[in-house]
Amino acid sequence: MGRFTMDPDWLVFDPTPSTPTFALPPGAVDAHCHVFGPGDEFPFAPERKYTPCDAGKDALFALRDHLGFTRNVIVQATCHGSDNAAMVDAVLAANGAARGVATVRPDVSDEELSFMHAAGVRGVRFNYVRRLVDPQPDEYYHRIVERIAPLGWHVVIYFEAADLAERWDFFTSLSTTVVVDHMGRPDVSKSATGPEFDLFIRLLDEHENVWTKVTCPERLSVLGPPDYDDVVPFARRVVDLFSDRVLWGTDWPHPNLKSHMPDDGRLVDFIPRIATTPLAQVKLLVENPDRLYWKES
Ligand code: 0GY
C-alpha cells in the first residue's frame, strides 16, 4: 500500500490507448501534459485539492512513443504545489526531449530558478481555477514575473471563461509571452462566434504576446466522446486566426475528469479537424512549440 490513496472518484488514465489514424509530423510536441508522482517518490503537496493516481515519467514517455510524439512540455500539476521535483526529474530524464513549466512562489531562490532553467524549465503557470488553487492578489504574480522574466521564461495562465473580463487588465499588463490554457475554457454550449468567445479572440488579436493551447476537447465538450464535435468550431476559429501562436497537447493523465477518460489515440485524431492543412499542423505541433520552448532561450 503506497503512502497516498487516490480520491475515490478519481478516473485513471487509459492504459491502452488506440493507435491514432492521424500520423503526427516528425518532431511533434505534446505541449501540455503532467506527471503525478509517483507519490512514494515525489510526495503530493499538503495543500493540494485532489489526490490523483500515480502517473510517472515512464508512463508518459511510453505514451509519447505510442502516439508518435517526439517531445513533451510537462506542466507542473497543482497536486504537487510549488515542489517541482517530479516535473524536473521527468524533464531531465527526457534528455532534451522535454521542457517544463513550473509553479513557483515569489520568494523562490535564484539558485532554484537557475537549476530549473538548466534542467529545461521555460515558464511558470498561474492558475486561477478555484477548485485547484486558492487565488492570490495580482501583486503576488507580478513579483513572480519580476523573478522569471530575466530568464526569458513565459507565463502560462489557466482560468475559466467567465473570469476573463475581471482579469483582463492584469493579463494584458504582462510583458512576457503569455500562454492561455485550453482556449480560456470556453462554455461550448454557447456560440463560437458569440460575445464570450469573441472576448477571448480579442485578447489574442490585440496582444501579440498572447498564445493559446487549443487543447482539452474532452474537458470542454458537453456532447462528449468520441468526437467532441462541439469543441471543433472554437478550436478551429483560433487555429485559423492565430496559426503562429497555438500549441497542442494531450493533457495526459487528464486530472479531475469526472464524466469519462479519453482515449489518447482518438484525441490525436481530433487534431486534423481543428488544424486542417499540413502547414497548420506543422505550425501547431512542431514549429510553434519548437520556437517557444527550444529556440527562444
Ligand atoms: C489541466 C487541468 C486541470 C488540472 C490541472 O494542475 C492541475 O491540477 O491543470 C483541471 O483540473 O482542470 O490542465 O490539467
Side-chain angles (χ1 to χ4, degrees), residues 4 6-7 9-14 29-37 39 42-57 59-60 63 72-88 90-91 99-105 121 123-136 141 144 154-164 178-188 211-222 228 231 234-235 246-262 264 267 270 289:
F4 294 94
M6 66 182 179
D7 293 339
D9 62 346
W10 190 264
L11 293 185
V12 175
F13 59 87
D14 180 346
V29 181
D30 176 352
H32 186 93
C33 52
H34 311 282
V35 286
F36 299 149
F42 300 105
F44 300 118
E47 73 273 22
R48 70 189 180 280
K49 306 255 184 189
Y50 61 86
T51 304
C53 64
D54 283 335
K57 60 181 184 286
L60 176 63
L63 180 78
N72 294 104
V73 178
I74 306 173
V75 178
Q76 171 76 351
T78 57
C79 57
H80 280 293
S82 57
D83 177 352
N84 295 283
M87 181 273 290
V88 168
V91 171
R99 293 289 190 246
V101 173
T103 296
V104 301
R105 300 203 180 112
V121 173
V124 289
R125 191 183 198 203
F126 297 163
N127 198 320
Y128 294 92
V129 178
R130 289 173 196 83
R131 68 183 161 74
L132 295 172
V133 286
D134 296 324
Q136 302 288 334
Y141 300 109
I144 295 173
H154 62 270
V155 174
V156 174
I157 49 178
Y158 187 27
F159 59 85
E160 312 263 3
D163 297 329
L164 177 56
V178 174
V179 182
V180 180
D181 275 340
H182 319 328
M183 301 182 284
R185 289 196 61 115
D187 176 348
V188 301
W211 296 41
T212 191
K213 297 175 195 162
V214 284
T215 33
C216 281
E218 74 288 1
R219 199 176 281 291
L220 301 173
S221 181
V222 177
Y228 309 117
V231 184
F234 291 81
V246 284
L247 302 168
W248 195 87
T250 56
D251 195 29
W252 187 92
H254 312 291
N256 303 306
L257 285 184
K258 299 294 174 223
S259 60
H260 71 291
M261 193 39 57
D264 297 280
L267 284 182
F270 188 76

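Position 1 is the first residue of the sequence, and the numbers go up from there. Remember, it's 1-based here, ligands and their atoms both numbered in the order they're listed.
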Q. Quick one: which ligand 1 atoms are inside 4.0 Å of a heavy atom on Tyr50?
A. 7 (C), 8 (O)
**Q.** Parallel, tilted or perpendicular: rings of Tyr141 and Tyr128 (30°, 60°)
**A.** tilted
Q. So which heavy atom in the protein is nearest atom 9 (O) of ligand 1, and how far is it from that ligand atom?
A. Arg125 NH1, 2.8 Å
Q | Salt bridge present between Asp181 and Arg219 (N-O < 4.0 angstrom) | A | no
Q | Interfacing atoms of ligand 1 (cut-off 4.0 Å, heavy-atom, Arg185) | A | 12 (O)
Q.
Quick check: Asn127 and ligand 1, any N/O pair under 3.5 Å apart?
A. no
Q. Counting each atom of ligand 1 from 1 as listed, which ones have a heavy atom of His34 under 4.0 Å away?
A. 1 (C), 9 (O), 13 (O), 14 (O)
Q. Counting distance only, does the side-chain N/O of Asp83 pair as donor-acceptor with the main-chain N or O of Ala85 below 3.5 Å?
A. yes
Q. How far is atom 1 (C) of ligand 1 from its nearest protein heavy atom, and which residue and atom is that?
A. Asp251 OD1, 3.3 Å
Q. Just which atoms of ligand 1 are under 4.0 Å from any heavy atom in Arg131?
A. 10 (C), 11 (O), 12 (O)
Q.
Taking Val231's backbone N and O only, do any of them form a donor-acceptor pair with Ser221's side chain (distance below 3.5 Å, no angle check)?
A. no
Q) Does a side chain donor of either Tyr50 or Arg131 reach within less than 3.5 Å of an acceptor in the other side chain? A) no
**Q.** Numbering as shown, the atoms of ligand 1 that approach His182 to under 4.0 Å (heavy-atom distance)
**A.** 1 (C), 13 (O)
Q) With a cut-off of 4.0 Å, which atoms of ligand 1 are near a heavy atom of Ala77? A) 6 (O)
Q) How does His80 reach ligand 1, if at all, at less than 4.0 Å between non-hydrogen atoms: by side chain, backbone, both, or neither? A) neither
Q: Check whether any side-chain heavy atom of Leu267 lies under 4.5 Å from a side-chain heavy atom of Trp252, and answer yes or no.
A: no
Q) How does His254 reach ligand 1, if at all, at less than 4.0 Å between non-hydrogen atoms: by side chain, backbone, both, or neither? A) neither
